[in-house]
Amino acid sequence: GLLIHSENWQALNLLQERYRGRVKCIYIDPPYNSKTTEILYKNDYKHSSWLTLMENRVSLANTFLSRHGVFVCAIDENEQERLGLLLEQVFPNMDKSCVTVEHNPRGIQGKGLSYTHEFAYFVHEKGLELGKRVIASKAKPLMKTGSESDRTTAKNCFYPILVKDGQVCGFGEVPPDDFHPQQVARVNEDGTIEVWPISTDGRERKWRYSRQSIESVSDQLEVRFGLGKQPVIYLNKESESYRTVWTDPEFNAAEYGSTLLKNIIAEGNFSFPKSIWTVYHSLKAANVIDYNIVLDFFAGSGTTGHAVINLNREDGG
């Protein structure tokens, strides 16, 4: 990695020539502008001064992102609303999502509501596919049931899945609206079985994936046999999209930020570092892999660098 000791606006100008358009993910944890929290950075700007500080640097940072790059910025309630408006201005025509991270389960003390969470904004090009979160493998029926599961709610999700020798071997096309299969499973002349998303009460349902996207998960499909030896298609999931609320214990900043840092470099060096897992999963959501470049221009205690080192240990990147 490259570490630059500098005022960050000047450093960003210095790095422009070499890193323009090359950065996969920018992760920053800037001053939150909280008057009650003393940190190494100045932390009691007026709103307008804080916005100027951020606008100058974020505008420069925008030029570093690659086409599929992702900008991530942590923030709390003091400036979250204003930051969101600033990001809309600096990153026009891009997708912007705000994630809630429960970093302090005990909550802050005071007379009002006790905040247990902060936020993280994710900004990227429209329609960009983000990274998935690895989960314990679990299987569920590919056919949807319950509300919004009827064929009419998504016509492209009604088509036959072809099964042979107990394995998924192909996919049929979406039929005309006036075509209605007479049974869940029909044996074709070539020995393949057409399996349709029809529930036991005879209602025409839909698959969880459209015909255009089902082949992307074909290796996760499993055939089981239910009542009457009818084939049932299951989806084995080992990963899923990150959700907009992060509440796992690993995001606790006291345990996996302050205590972790204290065990490495002793007390008194830096206050309120992020949980390393908050940054780790932010980078995973940004789809940081292999030899991608990550930039943090509010480096603080080095949690972003630590998270990248851990990622490198996992994948050799």
**Crowding at CG, L113 (>12 non-hydrogen neighbours, <6.0 Å)** = no
**Item:** Aromatic ring proximity F158/W196, centre distance under 6.0 Å
**Value:** yes
**Request:** Please determine, by modelled atom types, if S275 and E250 share a side-chain donor-acceptor pair under 3.5 angstrom.
**Result:** no
**Request:** Determine the minimum heavy-atom distance between F297 and A61, stating which atoms define it.
**Result:** CE2-CB, 3.5 Å
**Asked** Quick one: OG1 on T304 to CG on L283, what's the gap to the nearest 0.5 Å?
**Response** 7.0 Å
**Request:** Verify side chain to side chain donor-acceptor pair (under 3.5 Å) between Y280 and E314, making sure each step is shown before the conclusion.
**Result:** CA-CA 12 Å; Y280 172 92; E314 287 184 11; 2.7 Å; yes
**Asked** Counting only N and O atoms by type, is there a donor-acceptor contact under 3.5 Å from the side chain of T303 to the main-chain atoms of P273?
**Response** no
**Asked** So, Y159 versus N156: side-chain donor-acceptor pair below 3.5 Å or not?
**Response** no
**Message:** Quick check for you: to the nearest 0.5 Å, what is the distance between K24 atom NZ and H124 atom NE2?
**Reply:** 10.0 Å
**Message:** Pairing donors with acceptors under 3.5 angstrom, does anything connect the side chains of Y209 and E215?
**Reply:** no
**Request:** Report the distance from atom SG of C73 to atom CG of L83, rounding to the nearest 0.5 Å.
**Result:** 4.5 Å
**Item:** Pairwise distance SG(C157) to CZ(R211) - rounded to 0.5 angstrom
**Value:** 11.5 Å
**Prompt:** How many angstroms lie between CG in N33 and CE in M54, if you round to the nearest 0.5 Å?
**Reply:** 10.5 Å
**Asked** Any salt bridge between R133 and D248, counting N to O under 4.0 Å?
**Response** yes
**Request:** Take atom CD of Q212 as the centre, draw a 6.0 Å sphere, and report whether it contains more than 12 heavy atoms from other residues, nucleotides or ligands.
**Result:** yes
**Asked** Looking only at atom types and distance, does a side-chain atom of T52 sit under 3.5 Å from a main-chain N or O of S48, one as donor and one as acceptor?
**Response** yes
**Message:** Could you check, using the six-membered ring where one of them is a Trp, whether W207 and F171 have ring centers closer than 6.0 angstrom?
**Reply:** no
**Item:** Under 3.5 Å side-chain donor-acceptor pair for K132 and S241
**Value:** yes
**Prompt:** Is there side-chain contact between I233 and M143, with at least one heavy-atom pair below 4.5 Å?
**Reply:** no
**Message:** Treating E7 as the side-chain partner and Q10 as the backbone partner, does any N or O pair qualify as donor plus acceptor under 3.5 Å?
**Reply:** yes
**Asked** Is there a side-chain contact between E204 and P181 (heavy atoms, below 4.5 Å)?
**Response** yes
**Request:** Determine the minimum heavy-atom distance between K284 and Y242, stating which atoms define it.
**Result:** CB-OH, 3.3 Å
**Message:** Determine whether a donor-acceptor pair (N or O, by modelled atom type, separation under 3.5 Å) exists between the side chain of D76 and the backbone of N78.
**Reply:** yes
**Prompt:** Can you tell if the side chain of V58 reaches within under 4.5 Å of the side chain of L87, non-hydrogen atoms only?
**Reply:** yes
**Prompt:** Going through the checks in order, is the salt bridge (Lys or Arg N to Asp or Glu O under 4.0 Å) test met by E148 and R205?
**Reply:** CA-CA 9 Å; E148 297 296 315; R205 306 283 188 171; over 6 Å; no
**Main-chain N/O of R151 paired to R203 side chain as donor or acceptor, under 3.5 Å** = no
**Co-membership, hydrophobic cluster, residues L162 and V168, 4.5 Å side-chain** = no
**Prompt:** Would a distance-only check, ignoring hydrogens and angles, find a side-chain to backbone donor-acceptor pair under 3.5 Å from N292 to V288?
**Reply:** no
**Request:** Please check if L2 and L60 belong to a single hydrophobic cluster, counting links between Ile, Leu, Val, Met, Phe, Trp and Tyr side chain heavy atoms closer than 4.5 Å.
**Result:** yes
**Request:** Check the side chains of E55 and S59 for a donor-acceptor pair under 3.5 angstrom, ignoring hydrogens and angles.
**Result:** yes
**Closest non-hydrogen atom pair, L128 against G69** = CD2-O, 4.3 Å
**Item:** Criterion side chain to side chain donor-acceptor pair (under 3.5 Å) on S149 and K206, from CA distance to verdict
**Value:** CA-CA 6 Å; S149 66; K206 65 183 182 184; over 6 Å; no
**Message:** To check you understand the geometry: which heavy-atom pair defines the closest contact between A185 and Q230, and what is its length?
**Reply:** CB-OE1, 3.5 Å
**Request:** Can you label the angle between the H117 ring and the Y115 ring as parallel, tilted or perpendicular, going by 30° and 60°?
**Result:** tilted
**Message:** Keeping D165 on the side-chain end and Q167 on the backbone end, is there a donor-acceptor pair under 3.5 Å?
**Reply:** no
**Prompt:** Taking it one step at a time, do F251 and W246 satisfy ring pair (Phe, Tyr, Trp, His ring centres under 6.0 Å)?
**Reply:** CA-CA 8 Å; F251 301 124; W246 297 7; 5.3 Å; yes
**Asked** Taking it one step at a time, do Y19 and R22 satisfy side chain to side chain contact (heavy atoms under 4.5 Å, CB included)?
**Response** CA-CA 5 Å; Y19 291 102; R22 295 182 57 197; 4.0 Å; yes
**Message:** Any salt bridge linking K274 with E118? Criterion: basic side-chain nitrogen under 4.0 Å from a carboxylate oxygen.
**Reply:** yes
**D95 side chain to G127 backbone, donor-acceptor under 3.5 Å** = yes
**Message:** Please tell me whether T152 and D150 have a donor and an acceptor in their side chains that are separated by less than 3.5 angstrom.
**Reply:** no
**Prompt:** Does one hydrophobic cluster hold both Y234 and L142, with members joined at side-chain heavy-atom distances below 4.5 Å?
**Reply:** no
**Request:** Start with the C-alpha gap between N104 and R106, add the side-chain angles, then the distance that decides, and say whether side chain to side chain donor-acceptor pair (under 3.5 Å) holds.
**Result:** CA-CA 6 Å; N104 180 14; R106 295 182 179 181; over 6 Å; no
**Item:** Backbone N/O of Q109 and side chain of S114: donor-acceptor pair under 3.5 Å
**Value:** no
**Request:** Grab the two heavy atoms, one from P175 and one from F179, that are nearest each other, plus how far apart they are.
**Result:** CB-CD2, 3.5 Å
**Asked** Does the D315 side chain pair with the main chain of G317, one donor and one acceptor, at a distance under 3.5 Å?
**Response** yes
**Request:** Of all the heavy-atom pairs spanning A74 and D29, show the shortest one and how long it is.
**Result:** CB-OD1, 3.7 Å
**R20: partners by salt bridge (Lys or Arg N to Asp or Glu O under 4.0 Å), with sequence neighbours left out** = none
**Fill in**
So CG of L235 and CD of Q220: to nearest 0.5 Å the spacing works out to 5.5 Å
**Message:** Checking V245 against V99 for the side chain to side chain contact (heavy atoms under 4.5 Å, CB included) test, could you report, in this order, the C-alpha distance in whole Å, the side-chain angles of both residues, the deciding distance, and whether it holds?
**Reply:** CA-CA 6 Å; V245 179; V99 168; over 6 Å; no
**Message:** Count I, L, V, M, F, W, Y as connected when their side-chain heavy atoms are under 4.5 Å apart, and connections chain through other members. Are I293 and I289 then in the same cluster?
**Reply:** no
**Co-membership, hydrophobic cluster, residues W9 and L15, 4.5 Å side-chain** = yes
**Asked** Between L12 and L295, does a side chain to side chain contact (heavy atoms under 4.5 Å, CB included) hold up when you go through it step by step?
**Response** CA-CA 10 Å; L12 287 170; L295 168 66; 4.1 Å; yes
**Message:** Do S210 and S213 pair up side chain to side chain, a donor and an acceptor below 3.5 Å, judged on atom types alone?
**Reply:** yes
**Message:** Evaluate I214 against L221 for side chain to side chain contact (heavy atoms under 4.5 Å, CB included), listing each step before the verdict.
**Reply:** CA-CA 10 Å; I214 185 63; L221 300 181; 4.1 Å; yes
**Message:** With ring pair (Phe, Tyr, Trp, His ring centres under 6.0 Å) as the rule and sequence neighbours excluded, what pairs involving residues 55-111 come up?
**Reply:** F71-F91
**Prompt:** Any side-chain heavy atom of F122 sitting closer than 4.5 Å to one from V70?
**Reply:** yes
